[in-house]
Novice: 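If you scroll down you'll find the structure; I have some questions about it.
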Amino acid sequence: MSDWGPVFVAVVLFVLLTPGLLVQVPGRSRFVEFSNFQTSGVSILVHSLLYFALICIFLLAIGVHMYTG
């Protein structure tokens, strides 16, 4: 049996937290901007820290598992 939970969580969080795709924190003119397709170094850092924190929570603390087969 394969555990697809970590793969699924990582892909979903990557898509949701890509800076400038859906939301960008901090934005260029406002604190939060939605789908502006622009990014900055600060927003990359913020989104990376959010990604790391959420992936740790979902995989280590909660323990998301999805088995196939």
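Since this is a predicted model, take the numbers as computed values, not measurements.
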Novice: Quick check: does any side chain N or O of Glu33 sit under 3.5 Å from a backbone N or O of Arg28, one acting as donor and the other as acceptor?
Specialist: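 Checking the backbone N and O of Arg28 against the side chain of Glu33, a donor-acceptor pair under 3.5 Å is found.
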Novice: Quick check on the hydrophobic clustering: are Val9 and Phe14 connected, directly or via other members, by side-chain heavy-atom contacts under 4.5 Å?
Specialist: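 As far as the 4.5 Å side-chain criterion goes, Phe14 and Val9 are connected within one cluster.
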Novice: Please lay out, stage by stage, how Val12 and Leu16 fare under the test side chain to side chain contact (heavy atoms under 4.5 Å, CB included).
Specialist: CA-CA 6 Å; Val12 169; Leu16 292 177; 3.8 Å; yes
Novice: Does one hydrophobic cluster hold both Leu17 and Phe31, with members joined at side-chain heavy-atom distances below 4.5 Å?
Specialist: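 Yes: a chain of side-chain contacts under 4.5 Å links Leu17 to Phe31.
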Novice: May I ask you to test the Tyr67-Asp3 pair for a side-chain heavy-atom distance under 4.5 Å?
Specialist: yes
Novice: So, taking the atom named CD in Gln38 and the one named OG in Ser29, what distance separates them when rounded to the nearest 0.5 Å?
Specialist: 9.0 Å
Novice: Is there side-chain contact between Val46 and Pro26, with heavy atoms separated by less than 4.5 Å?
Specialist: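 Contact flag for Val46/Pro26 side chains = yes.
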Novice: Nearest 0.5 Å, please: how far is CE in Met66 from CH2 in Trp4?
Specialist: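 Answer rounded to 0.5 Å: 10.0 Å.
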Novice: Mind checking side chain to side chain contact (heavy atoms under 4.5 Å, CB included) for Phe52 and listing every partner two or more places apart, or none if nothing turns up?
Specialist: Cys56
Novice: CG of Leu54 to CG of Leu50: how many Å apart, nearest 0.5 Å?
Specialist: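 Going from CG on Leu54 over to CG on Leu50, the span is 6.0 Å.
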Novice: Find out if a path of hydrophobic residues (ILVMFWY) with successive side-chain heavy-atom gaps under 4.5 Å connects Val23 to Ile55.
Specialist: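 Yes; Ile55 is reachable from Val23 via cluster members.
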Novice: Are any of the side-chain heavy atoms of Gln24 and Asn36 separated by less than 4.5 Å?
Specialist: yes
Novice: Going only through I, L, V, M, F, W and Y residues with side-chain contacts under 4.5 Å, is there a path from Tyr51 to Val32?
Specialist: yes
Novice: Examine Ile44 and Phe34 and state if one hydrophobic cluster contains both, with Ile, Leu, Val, Met, Phe, Trp and Tyr joined whenever side-chain heavy atoms are less than 4.5 Å apart.
Specialist: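 Result: no, two separate clusters.
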Novice: Which heavy atom of Leu21 sits nearest a heavy atom of Phe37, and at what distance?
Specialist: CD1-CE2, 3.8 Å
Novice: For Ile62, enumerate each residue passing the side chain to side chain contact (heavy atoms under 4.5 Å, CB included) test, keeping only those at least two apart in sequence or located in another chain.
Specialist: Ile57, Phe58, Val64
